[in-house]
Amino acid sequence: FQAEDGIRDSVASRGLGDVYKRQVITPPTNTILGCTDANAVNYNSDANSDNGCCKYESLLLNEVLYDPPAGTDGDANGDGTRDANEDEFVELVNVSNSNLDISGYEFYDNTNLNQGMPNHVVPQGTVLSSKQAYVVFGGGTVNGDFGNAIVHTASAAVLNLNNASDTLTIKNDIGEVLIVFDIEALSNNPDESYTRLPDICSSDFVQHNSASNGLFSPGKKVDGTLF
């Protein structure tokens, strides 16, 4: 029988003067998913089951809109006007467990990379908290709900990501290449962003609305929740 204190009494012998032995019931262990590799930047010391999402670089490209949809649906920066250049955006996420200073990081399209002129230089003092997104739009007056992301517009020129054939290159503040994203492989004029699905963990990019979650989600996960 089960005692009120959560300890089960079991019969150890039968007959007159039955003897009962107390057995402590061990509750089932709860599964905690997370990265279990201590060498990863997003290692979770509380996790007891690996989620297949260990990362080894702190800054991750998660979403890119290089072909804003036509009409008002393409007003990604929320300024009330759809503009083919200004509504382009790039979304990065600090996937590490620590703050990340991205001051001075540089964004290039192919043309500007060849000329040595960045399309965007991240302003000084830009520090991402753990799991915080950074979004840079091509231009315009940014207005909207972008979660807890830090949001900027391109400092030196529009992002100018060509729909047919282009490459996004991101360098750190000492000129090291961190991220290269080849647009040509995905150049089918999608009228929506390309994103990782699931966010952060996937190694592949898919069209945003393939999950029926709208055309883009700058600063947030595909389903609109925070990182």
(request) With side chain to side chain contact (heavy atoms under 4.5 Å, CB included) as the test, would you mind laying out the steps for D109 and N162 before giving the verdict? (result) CA-CA 8 Å; D109 73 329; N162 190 299; over 6 Å; no
(request) Please lay out, stage by stage, how T126 and H152 fare under the test side chain to side chain contact (heavy atoms under 4.5 Å, CB included). (result) CA-CA 10 Å; T126 304; H152 292 145; 3.6 Å; yes
(request) Evaluate side chain to side chain contact (heavy atoms under 4.5 Å, CB included) for D37 paired with Y43, printing each intermediate quantity in order. (result) CA-CA 6 Å; D37 185 348; Y43 169 63; 5.6 Å; no
(request) Evaluate the criterion side-chain hydrogen bond (donor to acceptor under 3.5 Å, both in side chains) for residue pair T36 and D50; output intermediate values, then yes/no. (result) CA-CA 5 Å; T36 59; D50 195 87; 2.8 Å; yes
(message) Pair D173, Y105 - check side chain to side chain contact (heavy atoms under 4.5 Å, CB included), show working.
(response) CA-CA 5 Å; D173 58 336; Y105 283 29; 4.1 Å; yes
(request) Dump the intermediate steps for side-chain hydrogen bond (donor to acceptor under 3.5 Å, both in side chains) on S202 and D204, then the final yes or no. (result) CA-CA 5 Å; S202 177; D204 298 320; 4.9 Å; no
(request) Take C54 and C35 through the test disulfide (SG to SG under 2.5 Å) and record every step on the way to the result. (result) CA-CA 5 Å; C54 290; C35 173; 2.1 Å; yes
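Between the K171 side chain and the E176 main chain, no donor and acceptor come within less than 3.5 Å of each other. A donor-acceptor pair under 3.5 Å is absent between the side-chain atoms of N48 and the main chain of T31, judged by distance alone. Between the side chain of D67 and the backbone N or O of D191 there is at least one donor-acceptor pair closer than 3.5 Å. A donor-acceptor pair under 3.5 Å is formed between the side chain of N77 and the backbone N or O of G139. Judged by distance alone, with hydrogens and angles left aside, the side-chain atoms of E106 form no donor-acceptor pair with the main-chain N or O of I170 at under 3.5 Å. Checked by atom type and distance alone, the side chain of D166 pairs as donor or acceptor with a backbone atom of N110 at under 3.5 Å. The backbone N or O of T195 sits nowhere less than 3.5 Å from a side-chain atom of S193 that would complete a donor-acceptor pair. Remark: the backbone N or O of Q132 is not paired with any side-chain donor or acceptor of N148 at under 3.5 angstrom. The backbone N or O of L128 sits less than 3.5 Å from a side-chain atom of N94, completing a donor-acceptor pair. In this structure a side-chain-to-backbone donor-acceptor pair under 3.5 Å is present from S155 to V121.
Residue F146 is tested with F227, F137, F216, F89 for a ring pair (Phe, Tyr, Trp, His ring centres under 6.0 Å); the sole match is F137.
Counting only heavy atoms from C-beta outward, the side chains of I179 and L168 never approach each other to under 4.5 Å. Residues N85 and N160 are in side-chain contact: their nearest non-hydrogen atoms beyond the backbone lie under 4.5 Å apart. Within the 4.5 Å cutoff, side-chain heavy atoms of E88 are placed close to those of L161. Counting only heavy atoms from C-beta outward, the side chains of V136 and F107 approach each other to under 4.5 Å. Side-chain contact between T81 and D75: absent, with no pair of heavy atoms (C-beta onward) separated by less than 4.5 Å. When side chains are defined from C-beta on, F205 counts as touching L61, because their heavy atoms get closer than 4.5 Å. Side chains of T167 and F181 form no contact here, defined as non-hydrogen atoms less than 4.5 Å apart.
Side-chain heavy atoms closer than 4.5 Å link hydrophobic residues (I, L, V, M, F, W, Y) into clusters, and following such links, even through other members, never connects V135 to L197. V95 and V64 are assigned to two separate hydrophobic clusters, defined by single-linkage of ILVMFWY side chains at heavy-atom distances under 4.5 Å. Residues Y66 and V90 are members of one and the same hydrophobic cluster, defined by side-chain heavy-atom contacts under 4.5 angstrom among Ile, Leu, Val, Met, Phe, Trp and Tyr. Grouping the Ile, Leu, Val, Met, Phe, Trp and Tyr side chains by contacts below 4.5 angstrom, directly or via other members, places V93 apart from Y134. Grouping the Ile, Leu, Val, Met, Phe, Trp and Tyr side chains by contacts below 4.5 angstrom, directly or via other members, places I183 apart from V158.
In summary, the side chains of N62 and E91 do present a donor paired with an acceptor at a separation below 3.5 Å, with no hydrogens or angles considered. There is no side-chain donor-acceptor pair under 3.5 Å between N213 and D223. A donor atom on one side chain and an acceptor atom on the other are not found under 3.5 Å apart for N143 and D79.
Residues L226 and G147 come closest through the heavy atom pair CD2-CA, 3.5 Å. Closest heavy-atom contact between V127 and I150: O-CD1, 3.5 Å. The two residues P218 and E63 make their nearest non-hydrogen contact at N-OE1, 4.0 Å. Here the shortest heavy-atom pairing between G125 and S103 reads N-OG, 2.8 Å. Contact detail for A154 and N119: the closest heavy-atom pair is CB-O, 3.7 Å. Taking every heavy atom of both residues into account, L215 and D73 meet most closely at CD1-CB, 3.9 Å.
Taking CG of D46 as the reference point, atom CD1 of I32 lies at 6.0 Å (rounded to 0.5 Å). Separating the CD atom in E192 from the OG atom in S210 is a distance of 7.0 Å, to the nearest 0.5 Å. Atom-to-atom distance recorded for N51:CG and L33:CG is 6.0 Å, nearest 0.5 angstrom. Q124 CD to I102 CD1: the interatomic distance, rounded to the nearest 0.5 Å, is 11.0 Å. Atom-to-atom distance recorded for L60:CG and I200:CD1 is 6.5 Å, nearest 0.5 angstrom. The OG atom of S58 lies 12.0 Å from the CG atom of D101; values are rounded to the nearest 0.5 Å.
Residues Y108 and H120 keep their aromatic ring centres 6.0 Å or farther apart.
A salt bridge links K220 and D145; the closest N-O separation between the charged side-chain nitrogens and carboxylate oxygens is under 4.0 Å.
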